[in-house]
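For reference, the structure is listed below as structure tokens.
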Amino acid sequence: MNQRPPAPSFDGERPSPQSLRQQYESGATVQELMATSGLSYGTLLNRLKGAGTVMRTSWQTRRMRADPEARRRLAAHLRTLYEEHGATLTELASAAGETRAVARGLLIEAGGTVRTTQQTLQIRAAARAVERQKLAQSLRVKYEAGATVPALARECGFSVGTVYRLLRIAGTPMRAQHRHGPAGQVDKR
């Protein structure tokens with residue numbers, strides 16, 4: 001996936017600082033230039049700096065060599081996760097296998113706008129409310145089909161109070177409460 005620039009051929013003569021700079025700015029690494037020119041690390045750096053070369057970090061080299069189409073697709077995918085699914089920058093970084101800073105850069109490259117923490121919390125709260133409403137509606141359907149509140153609580157792993165609350169959210173008309181005890185016995189309150 002990483003495309004390496006063509007190795008320069010120096011035909012036995014020492015390359016000029018300008019030719020080294022040109023190769024470096026085309027994407028060659030210091031290690032590659034050392035191998036092709038036969039210069040030591042220190043000499044090569046001195047020649048590059050003498051020619052006015054702006055040095056880059058290893059991650060900048062990797063970014064420069066990355067397949068632009070794959071990078072564009074990844075950036076678009078991250079933007080979709082961020083904008084349509086409410087993912088955080090940390091989640092984007094995990095999905096991309098990168099750091100938060102790289103994920104943020106990809107998001108911006110794809111035309112996305114970075115949210116504030118408060119905006120992310122609001123999006124997540126809205127998503128939870130939608131899910132809670134769906135759950136409440138499914139509980140209502142089961143309750144109206146004859147299921148009891150304790151049975152629904154066991155089935156969902158919720159407390160009886162939570163099931164009652166969800167049924168109220170769904171606007172469920174509640175059945176009359178049953179008296180649990182021997183028949184004919186009146187509960188004295």
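Other members of the hydrophobic cluster containing Leu74, listed by chain and number, are Leu78, Leu81, Tyr82, Leu89, Leu92, Val102, Leu106, Leu107, Ile108, Val114; membership follows side-chain contacts under 4.5 Å among ILVMFWY residues, whether direct or relayed. Using a 4.5 Å cut-off between side-chain heavy atoms of Ile, Leu, Val, Met, Phe, Trp and Tyr, Val141 forms no hydrophobic cluster with any other residue. When hydrophobic side chains of Ile, Leu, Val, Met, Phe, Trp and Tyr are connected at separations under 4.5 Å, Ile123 ends up as a singleton with no cluster partners.
Under the side-chain contact (heavy atoms from CB on, under 4.5 Å) criterion, Glu69 pairs with Asp67, Arg72, Arg73, not counting sequence neighbours. In this structure, the salt bridge (charged side-chain N to carboxylate O under 4.0 Å, His left out) partners of Arg21, at least two apart in sequence or on a different chain, are Glu25. Shown here are the side-chain contact (heavy atoms from CB on, under 4.5 Å) partners of Ser40, two or more places apart in sequence or in another chain: Thr43. Residues forming a salt bridge (charged side-chain N to carboxylate O under 4.0 Å, His left out) with Glu83 (at least two apart in sequence, or on another chain): Arg79.
The list of salt bridge (Lys or Arg N to Asp or Glu O under 4.0 Å) pairs with a residue in residues 143-152, not counting sequence neighbours, reads Arg140-Glu144. Screening residues 111-127 for salt bridge (Lys or Arg N to Asp or Glu O under 4.0 Å), with sequence neighbours left out, gives Glu91-Arg124. Sorted by first and then second residue, the salt bridge (Lys or Arg N to Asp or Glu O under 4.0 Å) pairs involving residues 50-60 (not counting sequence neighbours) form an empty list.
Hydrophobic cluster membership differs between Val54 and Val30, with clusters built from Ile, Leu, Val, Met, Phe, Trp and Tyr side chains linked at under 4.5 angstrom.
For the pair Ala110 and Ala76, the tightest heavy-atom approach, listed with the atom from each and the gap, is CB-N, 4.0 Å.
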With a cut-off of 3.5 Å and sequence neighbours excluded, list every side-chain donor-acceptor pair involving residues 126-137.
none

Tabulate below the donor-acceptor pairs under 3.5 Å that side-chain atoms of residues 149-161 make, not counting sequence neighbours, or state none.
| unit_1 | atom_1 | unit_2 | atom_2 | d |
| --- | --- | --- | --- | --- |
| Glu155 | OE2 | Lys142 | NZ | 2.4 |
| Ser159 | OG | Thr162 | N | 3.1 |
| Ser159 | OG | Thr162 | OG1 | 2.9 |

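Here Arg100 contributes atom CZ and Thr90 contributes atom OG1; the two are 4.0 Å apart, rounded to the nearest 0.5 Å. Rounding to the nearest 0.5 Å places CG of Leu44 at 10.5 Å from NZ of Lys49. Here the straight-line distance linking atom OH of Tyr164 with atom CE of Met174 works out to 5.0 Å at 0.5 Å rounding.
Geometrically, Arg47 does not engage Tyr24 in a cation-pi contact defined by less than 6.0 Å to the ring centre and at most 45° from the axis.
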